[in-house]
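Report on one structure; see the data block that follows.
In the text below, chain A, chain B and the rest are named by the order of the sequence lines, each starting its count at 1.
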Amino acid sequence: MLDPKLVREKYEAVKKGLESRGYPLEFLDKYVQLDIKWRQQLQALENLKCERNKNAPEGKPSEEQLERLKVTANKIKVQNESLQLIEQQVREAALLMPNIPVEEVPFGESEEDNLEIKRYGGVPEFSFKPESHQELAERLGILDFESAAKVTGSRFVFGRSFGARMERALINFMLDVQTTDNSYQEILPPVVVNSKSMLGTGQLPKFAEDSFQLAGTDYWLSPTAEVQLTNMFRDMIIPEQDLPVNVTAGTTCFRKEAGTYGRDISGIIRQHQFNKVELVKLSKPEESSEQLEKLLADAESILKKLKLPYRVVLLCSGDLGFCSAKTYDIEVWFPSQDKYREISSCSSFLDFQARRAMIRYRKADGEVDYLHTLNGSGLAVGRTMAAIIENYQNEDGSINVPEALQGYMGVEIIK
RNA sequence: GGAGAGGUACCCAAGUGGCUGAAGGGGACGGUUUGCUAAACCGUUAGUGUUCGUAAGGGCAGCGAGGGUUCGAAUCCCUCCCUCUCCGCCA
């Protein structure tokens, strides 16, 4: 949620920011109108209540007094109903307004306009035509799409043998690195979350169709551990000296992938269920920009250790996620597709989520303010496995195990 | 799933319709005393949200959450959430 005061006082800046990401300005203006109306109605109600409180009788009121009190009470009731109506509208409008990009975010309309920041590792050269991870994995019998189609449906997969083992190895490896080298606290959260949490991190109300809701309940299958790790701190005031908070979790995530029919239909790039190691930071506002760089470096460190070639792009305004003010995507090289594909997304939300979820901090002088939230994948596990299979393939269809993973896998090669 | 008990401020806890935005205790903080510490005594201690205001400073809300009854609700009624105890079932 944007700071309502910011919208009131810096209208032009807000307008410019929202416009840059393609948000329809009539929605903004509608919100502004509602906000003005809401404040007027609020004042009216509060004046009535003030009057009531001033005239409150000490004990039992006389008949005459009672008559007057009833009149006021009725006025309050009517005014309150009118206020509630507008309040609901203004709240809804506010919850549907996206965050404003920070200054350094390049203007652009789509993926095409994202800014490449850096590349790491050369693109591997193969003396043969590299195969897709799906072809390789199915032949090796480590990924089983047929069973998944039968038991569940499309966009699900069974890992088998070293396919199952590598997924587990990667989760352990990633968590070990993040907890040991980069000092995150490891969390094992529920993967089922309630609507309030989904609202806090911005999955609701706008993106309900992207997640699975458990029938007849207020529960959702979490689409990302960002939801759990951020909402853990909902409605809390954290002492300044405890910041930054760094937490990580390896969880299973569930997404409907509505509207992606036909995209990435083969392989494990886009699944309804996947594992991800998530990194979440809570930061003092003045440090969040620096913390985003750290977060990015923490995510990158996994790819470096696995010796996978990647690049980092800074998302343009039009490609930013709803809550994000600034996002770096890390894209790993997929030889079979001859391109880089997203494997991590590292974002700073400023106080946007903190406002929704009421996550604040107390400064040394006692003042309380919203903190900044950040998160990033460190990394998407299935995609990492796919990238390893493709980048480490041999001509005979066997796959070398990256050195960093050999201890976790117990083998040097999968064949 | 069945039966019961609860949720009040940093913690414990009193409070069953107006004098309660809240007794009492603990803790914390400040002070008196003391060579220092402890003890004792005195004092302070709802943070917060929101709105009006350049500000100073007002207003309103707030006793798990949301509704309702009432001139008036921590207190009565309804729904929901959470915690605990016992029984049943279970990885």
Checklist entry - What do the steps show when you test A:H272 against A:F212 for ring-ring contact (aromatic ring centres under 6.0 Å, His included), and what is the final call? => result CA-CA 9 Å; A:H272 287 311; A:F212 292 100; 5.8 Å; yes
Checklist entry - A:R355 near the nucleic acid: base, sugar-phosphate alone, or nothing, with a heavy-atom cut-off under 4.0 Å? => result nothing
Checklist entry - How long is the line joining CD of A:Q43 and P of B:G59, in whole Å? => result 13 Å
Checklist entry - When we call it a touch if two heavy atoms are under 4.0 Å apart, what does A:R68 touch: a base, just sugar-phosphate, or nothing? => result nothing
Checklist entry - Rounding to the closest angstrom, what is the interatomic distance between B:C63 and B:U48 at atom C1'? => result 14 Å
Next on the checklist: I'd like to know if A:R160 pairs up with A:D144 as an ion pair, taking the criterion as any Lys NZ or Arg NE/NH1/NH2 lying under 4.0 Å from an Asp or Glu carboxylate oxygen.
Outcome noted: yes
Checklist entry - Taking atom P in both B:U69 and B:G62, what distance in whole Å separates the two? => result 16 Å
Checklist entry - Atom CD1 of A:I238 and atom P of B:C10: how far apart are they, to the nearest Å? => result 16 Å
Item to check | Nearest-Å distance once atom P is located in both B:A3 and B:A91 | outcome: 25 Å
Checklist entry - Taking only side-chain nitrogens and oxygens of A:R8, does any of them come within less than 4.0 Å of OP1 or OP2 of B:U51? => result yes
Checklist entry - Would A:Y310 and A:E300 count as having a side-chain donor-acceptor pair, cut-off 3.5 Å? => result yes
Checklist outcome for this item: Nearest heavy-atom contact between A:R234 and A:N194 is NH1-OD1, 4.2 Å
Item to check | Phosphate-side-chain proximity, A:R52 and B:C60, N/O vs OP1/OP2 below 4.0 Å | outcome: no
Item to check | Touch class at under 4.0 angstrom, heavy-atom based, for A:V368 against every strand present | outcome: sugar-phosphate
Next on the checklist: For RNA chain B, which residues of residues 30-40 of chain A approach it to below 4.0 angstrom with any heavy atom?
Outcome noted: A:W38, A:R39
Checklist entry - At under 4.0 Å between heavy atoms, what does A:K5 touch on the DNA or RNA strands: base, sugar-phosphate, or nothing? => result sugar-phosphate
Next on the checklist: Students often get this wrong, so: under 4.0 angstrom with heavy atoms, is A:N53 touching a base, only sugar-phosphate, or nothing?
Outcome noted: sugar-phosphate
Checklist entry - What interatomic distance, in whole Å, is found between C1' of B:U20 and the corresponding atom of B:U33? => result 37 Å
Item to check | Distance, P atom - from B:G47 to B:C10, rounded to whole angstrom | outcome: 9 Å
Checklist outcome for this item: Among B:U48, B:C60, B:C71, the one nearest any side-chain atom of A:L66 is B:C71
Next on the checklist: List the residues meeting salt bridge (charged side-chain N to carboxylate O under 4.0 Å, His left out) with A:R355, not counting sequence neighbours, and say none if there are none.
Outcome noted: A:D3, A:D351
Checklist entry - Of A:K49 and A:Y219, whose closest RNA chain B nucleotide lies nearer the 5' terminus? => result A:K49
Checklist outcome for this item: The side-chain hydrogen bond (donor to acceptor under 3.5 Å, both in side chains) partner of A:S336 among A:H133, A:E131, A:E390, A:Q134 is A:E390
Next on the checklist: Measure CD/A:E67 against P/B:U70 and give the value in whole Å, please.
Outcome noted: 14 Å
Checklist entry - Expressed in angstrom and rounded to an integer, what is the separation of A:N47 atom CG from B:G58 atom C1'? => result 11 Å
Next on the checklist: Could you tell me how far B:C29 sits from B:G35 if I compare only their P atoms? Round to whole Å.
Outcome noted: 23 Å
Checklist entry - Checking all strands, does A:L42 fall into the base, sugar-phosphate, or nothing category for heavy-atom contacts under 4.0 angstrom? => result sugar-phosphate
Item to check | Enclosure of A:R8 CZ (heavy-atom neighbours >12, cutoff 6.0 Å) | outcome: yes
Item to check | Nearest-angstrom distance from the residue atom CG of A:D235 to C1' of B:A65 | outcome: 11 Å
Checklist entry - Can a salt bridge be assigned to the pair A:E240 and A:K284 using a cut-off of 4.0 Å between side-chain N and carboxylate O? => result yes
Checklist outcome for this item: Atom CG of A:N194 and atom C1' of B:C80 are separated, to the nearest Å, by 13 Å
Item to check | Separation of B:A61 C1' from A:L83 CG (nearest whole Å) | outcome: 12 Å
Next on the checklist: Measure CZ/A:R91 against P/B:G49 and give the value in whole Å, please.
Outcome noted: 16 Å
Item to check | Whole-angstrom distance between B:G58 and B:A65, as gauged at atom C1' | outcome: 30 Å
